[in-house]
Colleague: 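The structure follows.
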Amino acid sequence: SQQGEEDPQALSIQEGENATMNCSYKTSINNLQWYRQNSGRGLVHLILIRSNEREKHSGRLRVTLDTSKKSSSLLITASRAADTASYFCATGSTTGTYKYIFGTGTRLKVLA
Amino acid sequence: DTEVTQTPKHLVMGMTNKKSLKCEQHMGHRAMYWYKQKAKKPPELMFVYSYEKLSINESVPSRFSPECPNSSLLNLHLHALQPEDSALYLCASSHPGLAGGPVRNEQFFGPGTRLTVL
């Protein structure tokens, strides 16, 4: 399977705590993106990190990328109940195809 | 306008019915996608259109037939579906980037159509 793996599969934390989720992938990539999906709805793009970047921040989000280990992590700081959702990484190929491969996802539950 | 719209929101159909899902965006994106998503699973790519031409078909059964009538619209025609085709169908769009170049850009997703096949 070309699909990336994410861990943990599920994560439950208290409001105010930090949440970290990890993504591993198998092929060479041009970029890696993180998306959020609230239950049964469309995906929302959170952040894109290119293969020549190592770290990126956006508000309470911090993403790291280690291309040598083919892995990325998403850190959400000071979590809120509204952060409860599923989080997916998606990798964009180095080839000319418009094909994104999504990881298996992490289901995050933030308890108020 | 940074929105991708999908209609209908919900669809229930029998195995002998013919129906269509519709997707529309007005962001000037020239790459449009159909994904299928089962519960608690990641989206699975079905089709990609680039500049209104089908560029990727992920070995999808012929009972699913995509159509891109213009740069803003994407349809998915359904015929003789099976109960296992019940899923959330997501449409997305993005800037395709340079022709022949790598994928560079974020995708914008619609809210999806929840399909139930009886």
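In what follows, chains carry the letters A, B, and so on, assigned in the order in which the sequence lines appear, proteins first and then strands, with residues in each chain numbered from 1. This is a predicted model, so every value here is computed, not measured.
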Colleague: For A/Gln37, is it the side chain, the backbone, both, or neither that has a heavy atom closer than 4.5 Å to a heavy atom of chain B?
Modeller: side chain

Colleague: Under 4.5 Å, counting heavy-atom pairs only, tell me which of B/Ala31, B/Gly112, B/Ser50, B/Ser55 racks up the most with chain A.
Modeller: B/Ser50

Colleague: Would A/Arg80 and A/Glu15 pass as an ion pair if we require N to O under 4.0 Å?
Modeller: no

Colleague: Taking the ring of B/Phe108 and the ring of A/His45, is the distance between their centroids below 6.0 Å?
Modeller: no

Colleague: Go through B/Gln37, B/Gln6, B/Lys41 and name the one with the most non-hydrogen pairs under 4.5 angstrom from chain A.
Modeller: B/Gln37

Colleague: Is B/Glu52 salt-bridged to B/Arg30, going by a charged N under 4.0 Å from an acidic O?
Modeller: yes

Colleague: Evaluate the ring planes of A/Phe102 and A/Tyr35, with Trp represented by its six-membered ring, and classify them as parallel (under 30°), tilted (30 to 60°) or perpendicular (over 60°).
Modeller: tilted

